[in-house]
Every structure is written in structure tokens, then in C-alpha cells.
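What follows is one structure encoded as C-alpha cells, with my remarks underneath.
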Amino acid sequence: MFFSALEFRAMRLSRSLIPTLKETPSEAQIASHRLMLRAGLVRQTSSGIYAWLPAGWKVLQNISRIVTEEQEAVGCQAMLMPTIQSADLWRQSGRYDAYGPEMLRITDRHQRELLYGPTNEEMLTDLVRQGVKSYRDLPQMLFHIQWKFRDEVRPRFGVMRGREFLMKDAYSFDLDYAGAVVSYRRQMLAYMRSFQRMGLKAIPMVADTGPIGGNLSHEFIVLAPTGESQVYFDAAFEKLDFGGDTYNAFSDADLERCYSDLTTHYAATDEKHDEAAWAKVADKREGRGIEVGHIFYFGTKYSDPMGLRVAAQGGGDLIPHMGSYGVGVSRLVGALIEAFHDEAGIIWPDSVAPFPAVIVNLKPGDAGCDELSEKAYAAFKGQALYDDREERAGAKFADADLMGHPWQIVIGPRGAKTGTVELKRRATGEKVEVSLEDALAKIAG
RNA sequence: CGGGACGUAGCACAGCCUGGUAGUGCGCCUGCUUCGGGAGCAGGAGGCCGGAGGUUCGAAUCCUCUCGUCCCGACCA
């Protein structure tokens with residue numbers, strides 16, 4: 001059978017739109033913004049609005065996939081709602097006027113008032129209102145990953161504080177407060193699993209609940225040395241593991257234990273920092289953090305005014321209790337880079353890297369190098385990046401480090417003769433000379 | 001929304017004060033030599049100097065307006 005790497009043209013660097021930059025564009029101040037531009041992940045098209053180039057789009061999709069899998073694993077249904085919404089819907093909840101100039105308002109050719117959605121509580125409440133009639137239909141938990149727009153006065157930090165951003169937002173509908181608490185805890189677990197899979201250390205911190213009250217609102221802060229706010233937390237958080245079946249999302253006891261593990265220890269950002277409580281913490285940790293998620297329970301704030309009612313078990317109606325749960329998917333790209341980079345560039349965790357590996361052909365045109373490189377490339381079925389450019393070795397190494405591929409398979413004329421490659425792990429800098437087969441096995445394992 | 005800057009080649013910048021046919025480095029193209037950590041030499045392409053008015057014989061440069069972008073603060077997933 002004829003099988004050649006030529007069939008996988010798309011990820012040959014010489015044929016790809018991954019424009020790396022040697023110098024930093026002057027608008028970029030923080031590390032992640034600088035590196036995203038330099039590594040060719042994004043390009044700004046307007047203030048706070050970015051185009052995601054091929055490599056950046058892959059990262060966004062990888063994060064979305066992890067978030068989707070973990071949402072579904074706790075029983076949350078994937079769906080997709082539009083970006084454009086009707087102003088009428090927002091008038092029903094009273095938010096059309098309450099929401100300030102951050103909301104992008106649009107008028108169509110018929111002078112109908114529309115808006116580019118900054119969030120979707122109203123829309124989903126409306127959809128549930130149309131489809132859910134009985135207590136038997138509850139609980140419901142749904143999410144989508146969709147572009148949002150908030151007309152920030154001052155966009156900054158690249159993708160971390162853009163106007164247009166990709167967000168996972170989930171909404172839960174329960175019969176009562178007790179049910180809403182279970183949904184809330186499930187989301188909390190899904191969040192911890194998601195962030196752990198991305199290699200991030202995330203800590204839930206109590207957030208303002210506004211007029212609703214109670215303590216059911218948490219911000220998820222990801223630790224990164226260059227984070228925007230100072231955070232204080234108990235070292236107990238470092239020992240928590242959300243992988244495997246540590247906590248069963250469908251066991252009330254496990255959910256309660258999970259919630260307890262996440263909320264009994266001290267954790268606060270500098271705005272909420274309480275010196276008295278902090279003094280009692282035995283094993284203290286401090287660091288910088290970036291908010292990447294926010295979840296809250298808000299009862300009947302939308303269901304009530306929008307007329308969402310279901311038939312109750314004993315007759316009559318009841319008003320479902322709701323919660324909503326956001327993850328800044330595009331912001332996470334920035335947060336990940338803030339957490340994982342060095343002087344040379346990005347250091348992608350394997351789970352979100354745009355490419356599992358880069359194959360660096362040091363001498364395109366050399367029969368031995370080409371053959372071995374194509375063989376390596378074919379082994380990845382086009383999923384790896386193949387640097388087949390006619391560049392000097394130094395430039396290729398610099399770009400490979402900048403783009404942050406977890407593994408680098410370096411193929412030069414020296415090793416090509418014996419089928420040996422140099423395998424470099426980006427995170428540690430460790431390099432070994434091994435056969436291509438061994439290199440592939442090591443990457444797979 | 002208050003305060004402060006900046007728009008000159010793909011990127012980073014100089015030139016502006018003191019008007020006179022637009023420059024440097026990197027990148028890009030061609031050739032030769034190089035070739036395992038962002039090479040050297042030679043040649044070349046690429047800019048109505050953000051836009052519109054105005055002053056002037058003449059405007060990147062001076063004046064007015066406008067659009068865009070960034071930084072600090074307040075605000076925020």
C-alpha cells in the first residue's frame with residue numbers, strides 16, 4: 001500500500017500559516033500576550049478582538065474538548081445557542097436596561113433591537129420554559145461553548161481580557177434549593193477535573209453573591225507566577241486529586257465530600273483576604289492567580305420574572321432554582337501560557353498542546369533526513385508538526401522552543417544514517433539520542 | 001469613564017524640534033559560501049509617513065479635525 005507523509009500536507013510548517021515572530025509587537029505587555037503573538041497563535045483584528053490562527057485554534061479546541069468531556073461526565077448536556085439575542089428576552093428579566101454599555105446593542109434592518117450576547121441566562125430560561133412542563137423533567141443541566149461579547153472599556157492583556165471571548169457557560173434547573181446545591185457541587189467537581197487535566201492548579205475561592213446571599217458562589221483561580229492578583233491558600237489544596245474516581249459525580253456523599261474538601265480550607269484573593277483567619281492556617285501558601293471560572297447559584301432570579309413554572313408533584317406550580325457556571329475558554333489559553341512558559345517560549349502541557357510533537361528536519365533535501373522525517377511524520381498521521389523549512393538549525397530550535405511543543409524530534413544528517421533521532425522534552429530540556437521507534441514509543445507512553 | 005502616550009515597510013524603531021524627492025535593524029526574494037541553538041557576503045523587492053482639511057513655492061515634519069491603537073487608574077469571565 002502506498003502510504004506517504006505527503007498525504008498530510010497541512011501540518012508541514014513550510015505550508016502552514018503559523019507566522020512566528022522574532023521580535024515582540026509593541027502592544028503586547030504580558031508574557032502570554034507576547035508569546036501568543038510571537039508563536040503565531042493569534043493576531044489582533046480590533047481592540048480586544050482576535051483571530052485564532054491554525055495553531056491557536058487547535059489549543060482552543062483542545063481546551064474545549066476537555067471542558068466538554070468533563071461537563072458531560074457530570075451529566076451536563078452539550079448544546080449551542082446563538083450569539084445574537086433579542087432585546088425583548090432581556091426586557092423580561094429586566095436586564096436590558098440594567099446591563100450597562102458593556103452590552104453591544106444592534107439594530108437590524110427592520111429596526112428590531114438585538115444584542116450580541118454577553119451571557120445566556122435569559123435565552124436558556126426561555127428555551128427551558130418552552131420545553132419543560134413538569135417536575136418530572138427536572139433537574140436539567142445544559143451548557144454550550146460559544147463566543148461572547150462584552151464591550152470592555154479597556155481591553156488588555158491580549159486574550160485574557162478581550163471584548164470577544166470564548167466561554168463555556170452552563171445552567172442548571174432544579175426543583176428546589178437542595179437540588180440546586182447538588183448541581184452546583186457537580187459543576188465544582190467538573191471544574192476541578194477540567195483544570196487538573198490541563199495541568200493547572202486551580203483553587204475555588206468564595207466570591208461575592210450580590211443580592212442573593214449565601215455562600216454558593218465561587219471563583220476558580222489558577223495559579224501562575226504572573227497572575228493578576230495575590231492569592232492566599234492552605235497547603236491542603238495541593239494534596240487534592242480529582243483524577244480517576246476519587247469523587248463520584250453521581251454519589252451525593254462523594255459530592256458532599258468533594259465540596260467539603262474544597263471549601264473547608266482557607267483560600268482568598270487579596271481583596272477578600274482575612275488576616276485573622278489566615279493567622280490560624282498552619283501550612284500557608286501564597287502566590288499569584290488568574291480567574292478562569294466563576295460559578296453561582298441564584299435561585300429564582302430569572303425563572304421567576306420570566307415565568308418559568310413547572311407542575312409540582314403535589315399539584316400546583318413551582319419555580320425552578322437555577323445556577324450558572326462559566327469557564328473562560330479563550331482566557332484559559334492566556335492563563336495556561338502565564339503558568340507554563342520560560343525565557344525561550346511556551347511550554348504546553350501535553351493535554352492542550354496544538355501538536356503533540358514537532359519533527360525538526362535539520363537538513364531538508366538530504367535524502368536520509370527527509371526519509372526519516374517523513375517516516376516520523378507519517379507515524380503521527382499528520383497530527384504532529386513537521387518543520388520542513390529550509391532554515392538553519394538555530395532558527396528551527398528557537399521556533400520549536402517558542403511554540404512550546406511538548407516533544408521535539410530532531411533529525412539531522414548524523415543520526416539519519418543510523419535511524420537515530422534526538423528526542424527533547426520541552427518542559428525539562430532533557431535530550432536523549434534514541435531510535436525513531438523508541439522516540440515514538442516514549443512519546444506515546 | 002478619568003489621566004497619559006503613540007500611529008513612518010511584515011516586526012521594532014529613527015527622521016519631526018529647525019519644512020526641501022523617506023532611512024536603519026530584523027524579516028522577505030535571488031545568488032554564492034555556510035549549515036546541531038535565531039550565519040556571512042553581494043544584489044533586490046517592499047512605504048500616497050493612519051485619514052481629511054489647512055498654512056506654504058514645497059508638509060512625514062507646522063496647524064485643525066477625525067479614526068485607530070496602547071499604557072495607568074476605576075470596572076470586569
Side-chain angles (χ1 to χ4, degrees), chain A residues 17 19-30 33-34 37-38 40 43-49 67 99-103 117-121 145-170 191 207-208 210 217-222 228-229 269 271 289-296 324-335 343-345 360-366 369 387 389-403 408-416 420-422 424 426 429 431 433:
Chain A
L17 185 65
T20 57
L21 301 173
K22 207 162 160 182
E23 290 179 86
T24 305
S26 58
E27 74 257 26
Q29 299 298 315
I30 62 167
H33 192 193
R34 260 191 344 253
L37 292 170
R38 286 194 54 212
R43 282 294 109 100
Q44 178 169 308
T45 60
S46 292
S47 178
I49 303 180
V67 168
Y99 225 100
E102 277 199 340
M103 183 151 76
T119 177
N120 287 63
E121 278 84 4
I145 295 177
Q146 177 63 288
W147 293 95
K148 305 289 191 294
F149 195 91
R150 288 183 197 170
D151 198 359
E152 296 283 347
V153 196
R154 193 190 154 203
R156 64 185 118 170
F157 305 144
V159 121
M160 301 252 284
R161 176 93 180 269
R163 293 195 294 169
E164 187 183 56
F165 54 97
L166 189 61
M167 181 166 115
K168 184 285 301 185
D169 41 324
Y191 276 42
D208 279 327
S217 178
H218 288 86
E219 294 176 344
F220 288 79
I221 308 286
V222 146
E228 57 205 343
S229 49
T269 56
E271 304 101 48
I290 300 168
E291 183 184 349
V292 294
H294 199 158
I295 64 178
F296 40 93
S324 71
Y325 317 89
V327 171
V329 174
S330 49
R331 170 179 272 204
L332 267 167
V333 180
E343 284 304 303
V360 182
N361 184 344
L362 287 182
K363 197 167 185 182
D366 174 275
C369 287
D387 188 351
R389 296 172 304 169
E390 308 252 356
E391 284 288 344
R392 299 173 58 82
K396 294 187 171 209
F397 291 140
D399 271 346
D401 286 346
L402 171 63
M403 289 189 268
Q408 298 174 12
I409 300 174
V410 181
I411 295 172
R414 218 168 54 205
T420 355
V421 305
E422 181 187 272
K424 175 179 166 181
R426 176 66 175 89
K431 297 183 214 174
E433 300 255 340

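The sequence lines fix the lettering, A, B, ..., with proteins before strands; numbering per chain opens at 1.
- Across all strands shown, A77(B) remains unpaired; no Watson-Crick or G-U wobble contact has both distances below 3.5 Å.
- For the C1' atom pair drawn from C65(B) and G20(B), the interatomic distance equals 27 Å after rounding to whole Å.
- Using the Watson-Crick or G-U wobble rule with both distances under 3.5 Å, G36(B) pairs with nothing in any strand shown.
- Within the 4.5 Å cutoff, no side-chain heavy atoms of Val327(A) are placed close to those of Phe220(A).
- Side-chain atoms of Ser324(A) and His294(A) form no donor-acceptor pair, as typed in the model, at a separation below 3.5 Å.
- Taking CE of Met167(A) as the reference point, atom CZ of Arg150(A) lies at 5.5 Å (rounded to 0.5 Å).
- In this structure, the side chains of Asp387(A) and Gln408(A) stay at 4.5 Å or more apart for every pair of heavy atoms.
- For the C1' atoms, the distance from C49(B) to A14(B) is 13 Å, rounded to whole Å.
- Nucleotides G10(B) and C29(B) have their P atoms positioned 15 Å apart, rounded to a whole Å.
- In this entry C6(B) has G68(B) as its Watson-Crick or G-U wobble partner, both defining distances falling under 3.5 Å.
- Only the C1' atoms considered, U8(B) is 14 Å distant from G51(B), to the nearest whole Å.
- Across all strands shown, Gly162(A) has heavy atoms under 4.0 Å from base atoms, whether or not it also approaches the sugar-phosphate.
- Ser330(A) comes within 4.0 angstrom of nothing in the nucleic acid, heavy atoms only.
- The partner of C62(B) is G54(B), judged by Watson-Crick or G-U wobble contacts that both fall below 3.5 Å.
- Using the Watson-Crick or G-U wobble rule with both distances under 3.5 Å, A22(B) pairs with nothing in any strand shown.
- Rounded to a whole Å, the CZ atom of Arg389(A) is 12 Å from the P atom of G27(B).
- Looking at heavy-atom distances under 4.0 Å, Glu391(A) makes contact with sugar-phosphate atoms alone, never a base.
- Across all strands shown, G31(B) pairs with C41(B); the Watson-Crick or G-U wobble distances both stay below 3.5 Å.
- Here Val410(A) lies in heavy-atom contact (under 4.0 Å) with a base.
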Dump every N/O contact between nucleotides 12-15 of chain B and the protein below 3.5 Å, one line per pair.
| unit_1 | atom_1 | unit_2 | atom_2 | d |
| --- | --- | --- | --- | --- |
| A12(B) | OP1 | Ser26(A) | N | 2.5 |
| A12(B) | OP1 | Ser26(A) | OG | 3.3 |

